[in-house]
Amino acid sequence: MKARAARNRLSGRWLIAALPYLWLIAFFLVPFLIVLKISLSQTAIAQPPYTPTLDLAAGWEGLKAFLGQLSFSTYGLLLQDDIYLFSYLKSLQIAALSTLALVVIGLPIAYGMARAPARTQAILLVAVILPFWTSFLIRVYAWINILQRDGLLNDALRALGLIDEPVAWLASDTAVYIGIIYSYLPFMVLPLYANFQKLDETLLEAAADLGCPRWKTFFVVTLPLVLPGLAAGALLCFIPIIGEFVIPDLLGSSQTLMIGQTLWTEFFANRDWPVASAIAVVLLVLLVVPIAFYENVQSRQIEER
Amino acid sequence: MRRGFTPWADPNAKPIVRFDAVSKRYANTVAIADLSLDIYEGEYFALLGPSGCGKTTLLRMLAGFEAPDRGRILLAGEDIVGVPPYRRPVNMMFQSYALFPHLSVFNNIAFGLKQDRMPKAEIAEQVGKMLQLVRLEGLADRKPHQLSGGERQRVALARSLAKRPKVLLLDEPLAALDRKLREETQFELMELQSRLGTTFVIVTHDQEEAMTVAHRMAVMNRGHIAQVDTPQQIYEQPNSRWVAEFVGDVNLIEGKLAASANGVVLEDAQGRRFRAGDGAQARPGAPAAFAVRPEKLKLALAPPPADTLNTISGRVVDIGYLGDVSVYKVRLDDGATMKASVTNATRLAERPIGWEDRVWLSFAPDAAVLLTA
């Protein structure tokens, strides 16, 4: 009796532990393997638009023939045309610079929020989360309105006498940066805020007591202690920004070609599924580096507790 | 404690810390009310009081984390109100220790020295000395989370002493330690203090701790200082009912003063008369109380001789066995209760007084303290 109950409990526990893995296998690993397989195929005017396809009816021989036809030739293609390299670099550049800007903007916001009186803090927190109530797409469209030739921004700048002629904000890198920084700010602010809030106030007093002026305390005590939040925020922004498609598509120009757009073109306009899949696989490999770094930071943090 | 170390009794001595008519309010509560206090160089001074009495506020004012609304705070003769904490030559040991979790023990202790731009070699030397002082050699590379509570306490102490402050402020420094370790550390702190000669100001709500370590202590209540004196004086000569009751256990006999040729005579509501040895300025007819500490009451099963002074009788209603002493609660015939403590010099079974026994309490005239406040 006892043993069976223990076994049941054990299997229940196993199930709970296995659930996230099952989820990852079903919705990450399997799709990834499909994408990987497509990237090793060749384009074809067919349905689906690539060969080979696996014919299960042909049995073992069919599988052998299928595996024989897979090749890395599409990856070679990615090296031949520098549009791919350009898109990757552009994405990296935009992601890196926006993340930097997000850190610079997000740090004082999160710090100010954590220092505010408790009731104000709740209001500020809602204010940070509130934009999520509106569709992301609508918010990016709103930026088109603000940034266009006779939009709010130009009107305001003209009213202030800062410019005579309207500035062409839209269809530029600047517009993409504005859109990205606006959209991703909550992802930077929230983890930072959580870290600032946990920060023990007496540590700052201790630093002052030991002769450290306030500005210096920020760099030698506060910043090192919120570093995990900073890393989390930076990666939460950097990784999705690299793959960002909507914002550069709506606010950018043909010069702001990010990898997401290149991928979209290959997939929908050129119907070249193998190249599109290869782009996705390379992107994933590129992103594994910062993700691994993040994991490392996190596990170190858990260790210290 | 050093013999003959009584700078507070010397009218020419200059205090190292002087609170001069300091007041502080928070929103609508008074934290410090027109308080003046002198602390002398080399003193181990304790601020004692119940929570919310203002003792911590006073300490934080010295550190520079709070500013008084009115009054001056002098450190070695200079007004330090308005001087930021990082420019004050005092250091604080925090109740939570406030060790920097991202820094090693070495760098925690070196933190204050680095702010002074001390050369690296000197920092290493001074940190080494501090580690030796608190007997933590070999733990320099540990992070705070790798230390035990007692070790952390030592690191905090070393860090606050590293800059050789003029005054070391200790905010409930031993509160987080268990009893045994706390007692050991109390004696270590005393030893350290007399060796370094640094002025220590300690905040505590633990009267035993204050009495053990301090040269003098200030008993605080609601933003006022109720009494400042040596622990012995405060225990033996409390200046008010509040101090008598806050520090140690006490029996208060309330009554009115009666005219008398020698000593002071107090007559209670039942017309019983008690006599105390001193209290010269006592005015006949004024309401007053005699304070008698439980250990100064004599407890007997038989009535004492008829001419014995200060005798009351009652029944034992409770006996508290504390190991070294037993406390007898005696209900008097008028319903009031008195406590008498008796040293357990003999084995438990051999002691004759039990529950419901009729007993006689008596005290010598010089055991009672006359209180009018």
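Below, chain A is the first sequence line, B the second, and so on; all start at residue 1.
In this structure, the portions of A:Leu203 lying under 4.5 Å from any heavy atom of chain B include both its backbone and its side chain. The contact between B:Phe94 and chain A is made entirely by side chain atoms (from C-beta outward), counting heavy-atom distances below 4.5 Å. With a 4.5 Å cut-off on non-hydrogen atoms, B:Arg60 touches chain A through its side chain but not through its backbone. Only the backbone of B:Leu99 has a heavy atom closer than 4.5 Å to any heavy atom of chain A.
Ring-plane geometry between A:Tyr111 and A:Phe196 is classed as perpendicular, the angle between the planes exceeding 60 degrees on a 0 to 90 degree scale with a lower cut at 30.
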Could you walk me through whether B:Phe45 and B:Phe200 satisfy the ring pair (Phe, Tyr, Trp, His ring centres under 6.0 Å) test, starting with their C-alpha distance in whole Å, then the side-chain angles of each, then the deciding distance to 0.1 Å, before giving a yes or no? CA-CA 6 Å; B:Phe45 193 93; B:Phe200 278 27; over 10 Å; no

Given the rule in the ring pair (Phe, Tyr, Trp, His ring centres under 6.0 Å) test, do A:Phe32 and A:Phe27 qualify, once you have shown the distances and angles that lead to the verdict? CA-CA 9 Å; A:Phe32 173 73; A:Phe27 297 106; over 10 Å; no

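Across B:Ala98, B:Ala63, B:Pro84, the residue that shares the most heavy-atom pairs under 4.5 angstrom with chain A is B:Ala98. The candidate with the highest count of non-hydrogen atom pairs below 4.5 Å against chain B, out of A:Val220, A:Leu227, A:Asp200, A:Val221, is A:Val221.
Side-chain polar atoms of A:Gln121 and A:Arg115 form no donor-acceptor pair below 3.5 angstrom. Between the side chains of B:Gln126 and B:Lys163, no donor-acceptor pair is found at a separation under 3.5 Å.
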